[in-house]
Amino acid sequence: AAIEERMSGQSYLEKFADRMINEEQTAGFDIETGYYGEPKPKWSLHPEVGFITGYSFTNELTWSRYVPVQHDIGENLDCKWSAYHLWRMVRTLPMVGHNLGFELRYLSKWFMKWLSDDPDFGPEVQASQGYYPIFSDTMIEAFVLAEWRFFGLKYLTEAVFDHKMTELHELFPGLPKNKMNTLRFNLLELTPEVIDYACEDSLWSLALHQKHYSQVKDLAVYEIDMKLIPITAKMEDCGIKYDWQFMADGAAEGKLFLDKKDAEIQEEFSEMAGEEIKINLNSH
């Protein structure tokens with residue numbers, strides 16, 4: 001699929017957001033992330049220390065657009081303006097992405113930072129803590145189908161469509177191997193290769209969704225996994241309240257139940273097998 005050049009100017013972003021919302025089609029999107037300071041392993045993967053450098057979106061497989069917001073080199077769009085129009089899209093459209101737990105955690109903080117006082121969307125952003133509606137995650141779709149060994153976007157795109165996507169490290173030629181896990185997108189200049197890299201993520205996420213969604217949308221395991229995404233994201237962001245006494249009491253009750261039922265269970269399994277067998281009910 002052809003990938004066009006990045007958008008330039010706030011009016012261009014508004015134009016495309018209006019177009020997407022008016023067309024009411026399922027859309028793919030993706031974010032790129034970075035961090036400041038000394039190179040550190042995998043800091044771009046952690047919203048506690050990283051930030052969004054830009055996002056891409058599309059609703060067709062013939063184009064994609066990238067919105068740079070925090071690159072060290074090149075022209076960035078205003079963060080508040082960019083967040084405003086992305087929020088318009090994610091609150092309105094069925095938008096899909098790959099590994100949306102990651103996107104959700106980063107974007108929730110970004111939306112809260114830039115839109116919590118917005119006259120149009122501030123109240124709803126605050127009420128949701130920046131979490132937006134999730135339509136479908138292409139990683140979950142592939143996981144439920146269980147047809148592949150791995151579930152990364154680049155692996156699946158090659159396995160399903162025979163298209164090899166650019167690897168992030170290819171945008172850093174000459175970088176030593178021991179620095180490969182410290183990569184950050186904000187250091188990259190907005191060259192055509194960098195923009196294509198970002199745009200491909202949203203485009204191929206949409207392609208995977210179009211390929212797989214009909215096969216999984218009615219499956220209970222898919223529905224459960226999708227509902228767990230915002231729950232686990234909030235757990236990672238906020239932690240969980242753990243009732244130690246309740247869990248200790250439950251463990252004691254469980255042991256009493258197991259001790260009581262162990263002989264009965266062993267006997268039933270032996271009858272089913274036609275011979276005496278021993279099963280370790282404490283194994284996992």
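- For Glu38, the CD atom counts as loosely surrounded, since its 6.0 Å shell holds 12 or fewer non-hydrogen atoms of other residues, nucleotides or ligands.
- A cation-pi arrangement is present between Lys234 and Tyr131 under the rule of less than 6.0 angstrom and at most 45 degrees off the ring axis.
- Not a single donor-acceptor pair under 3.5 Å links the side chain of Ser205 to the backbone N or O of Gly28.
- Using a cutoff of 4.0 Å between basic side-chain nitrogens and carboxylate oxygens, Lys109 and Asp237 are scored as salt-bridged.
- The aromatic ring centroids of Tyr213 and Phe135 lie less than 6.0 Å from each other.
- Ion pairing between Glu158 and Lys154 fails under the 4.0 Å rule for side-chain N and carboxylate O.
- Residues Tyr12 and Ile21 share a hydrophobic cluster, clusters being chains of Ile/Leu/Val/Met/Phe/Trp/Tyr side chains in contact below 4.5 Å.
- Taken to the nearest 0.5 Å, the CD atom of Glu193 stands 7.0 Å off from the CG atom of Asp196.
- Neither side chain, Thr191 nor Glu189, offers a donor N or O lying under 3.5 Å from an acceptor on the other.
- Checked by atom type, the side-chain pair Gln245/Asp249 shows a donor-acceptor distance below 3.5 Å.
- The structure places OH of Tyr35 at 14.5 Å from CZ of Phe185, a figure rounded to the nearest 0.5 Å.
- Taking each heavy atom of Asp137 and Asn99 in turn, the nearest pair found is OD1-N, 2.9 Å.
- Between Arg65 and Ser202, every side-chain heavy-atom pair lies at or beyond the 4.5 Å cut-off.
- In this structure, Lys40 and Val49 have side chains that are not in contact, with every pair of non-hydrogen atoms separated by 4.5 Å or more.
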Audit row: Leu153, Leu208, side-chain contact (heavy atoms from CB on, under 4.5 Å) steps and yes/no: CA-CA 9 Å; Leu153 177 60; Leu208 285 169; 3.5 Å; yes
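- At least one donor-acceptor pair under 3.5 Å links the side chain of Thr53 to the backbone N or O of Glu32.
- A 6.0 Å sphere centred on CZ of Arg149 holds no more than 12 heavy atoms belonging to other residues, nucleotides or ligands.
- Here Gln210 contributes atom CD and Glu60 contributes atom CD; the two are 9.5 Å apart, rounded to the nearest 0.5 Å.
- Hydrophobic clustering of Ile, Leu, Val, Met, Phe, Trp and Tyr side chains at less than 4.5 Å, counting indirect connections, keeps Leu256 apart from Met247.
- Ring geometry, Tyr84 versus Trp81: the interplanar angle falls under 30°, so the pair is classed parallel (tilted spans 30 to 60°).
- The shortest heavy-atom contact between Ala198 and Tyr66 is CB-CD1, 3.5 Å.
- Using modelled atom types and a 3.5 Å distance limit, the side chains of His98 and Thr138 yield a donor-acceptor pair.
- Under the 3.5 Å distance criterion, the side-chain polar atoms of Tyr197 are left unmatched by any main-chain donor or acceptor of Glu170.
- Within the 4.5 Å cutoff, side-chain heavy atoms of Glu147 are placed close to those of Gln215.
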Residue pair Arg91, Tyr132: steps toward the side-chain contact (heavy atoms from CB on, under 4.5 Å) verdict: CA-CA 6 Å; Arg91 73 189 289 272; Tyr132 53 87; over 6 Å; no
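- In terms of modelled atom types and a separation under 3.5 Å, the side chain of Glu103 and the main chain of Ile31 share a donor-acceptor contact.
- You'll find the side chain of Trp204 stays beyond 4.5 Å of the side chain of Leu156, heavy atoms only.
- With Ser116 contributing its side chain and Gln126 its backbone, the two residues share no donor-acceptor pair below 3.5 Å.
- Side-chain N or O atoms of Lys80 include one that pairs as donor or acceptor with a backbone N or O of Trp114 at under 3.5 Å.
- You'll find the side chain of Phe16 stays beyond 4.5 Å of the side chain of Asn59, heavy atoms only.
- Taking CG of Leu203 as the start and CH2 of Trp63 as the end, the distance is 9.5 Å to the nearest 0.5 Å.
- Using a distance-only test at 3.5 Å, with no hydrogens or angles considered, a donor-acceptor pair links the side chain of Thr232 to the main chain of Ile229.
- Using bins of under 30°, 30° to 60° and over 60° for the plane-to-plane angle, the ring pair Trp148/His212 lands in the tilted bin.
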Candidate pair Leu183 and His169, rule side-chain contact (heavy atoms from CB on, under 4.5 Å), full reasoning: CA-CA 7 Å; Leu183 301 181; His169 68 81; 4.0 Å; yes
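- Not a single donor-acceptor pair under 3.5 Å links the side chain of Thr92 to the backbone N or O of Met89.
- Nearest heavy atom pair, residue Cys79 against residue Val69, reads SG-O, 3.7 Å.
- Closest approach of Arg88 and Asp18 over heavy atoms only: NH2-OD1, 2.7 Å.
- Note on Val216: it clusters hydrophobically with Val221, by side-chain heavy-atom contacts below 4.5 Å among ILVMFWY residues.
- Under the 4.5 Å side-chain heavy-atom criterion for ILVMFWY residues, a single connected hydrophobic cluster contains both Tyr155 and Leu100.
- For the pair Val67 and Phe57, the minimum side-chain heavy-atom distance is below 4.5 Å.
- Ring pair Phe121/Trp87 is tilted by interplanar angle, where 30° to 60° counts as tilted.
- Counting all heavy atoms, side chain and backbone alike, Trp43 lies closest to Tyr106 at O-OH, 4.0 Å.
- The minimum heavy-atom distance between Thr182 and Pro41, with the atom names listed, is CG2-N, 3.8 Å.
- The main-chain N or O of His71 is found under 3.5 Å from a side-chain atom of Asn76 such that the two form a donor-acceptor pair.
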Candidate pair Ile195 and Cys199, rule side-chain contact (heavy atoms from CB on, under 4.5 Å), full reasoning: CA-CA 6 Å; Ile195 295 163; Cys199 287; 4.0 Å; yes
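- Residue Asp243 places its CG atom among more than 12 non-hydrogen atoms of other residues, nucleotides or ligands, all under 6.0 Å distant.
- In this structure, CE in Met235 is found 9.5 Å from CG in Leu228, a value given to the nearest 0.5 Å.
- Judged by distance alone, the side chains of Asn186 and Tyr36 never bring a donor and an acceptor atom under 3.5 Å apart.
- The shortest distance between side-chain heavy atoms of Glu200 and Asp30 does not fall below 4.5 Å.
- Counting only N and O atoms by type, the side chains of Ser136 and Tyr222 include a donor and acceptor under 3.5 Å apart.
- Here the side chains of Lys179 and Phe172 are not in contact, with every heavy-atom distance at 4.5 Å or above.
- For the atom pair Leu77 CG and Leu13 CG, the distance stands at 6.0 Å (nearest 0.5 Å).
- Cluster annotation: Tyr55 is not connected to Phe51 through the hydrophobic network of ILVMFWY side chains, with a link wherever side-chain heavy atoms come within less than 4.5 Å.
- Judged by distance alone, with hydrogens and angles left aside, the side-chain atoms of Ser108 form a donor-acceptor pair with the main-chain N or O of Arg105 at under 3.5 Å.
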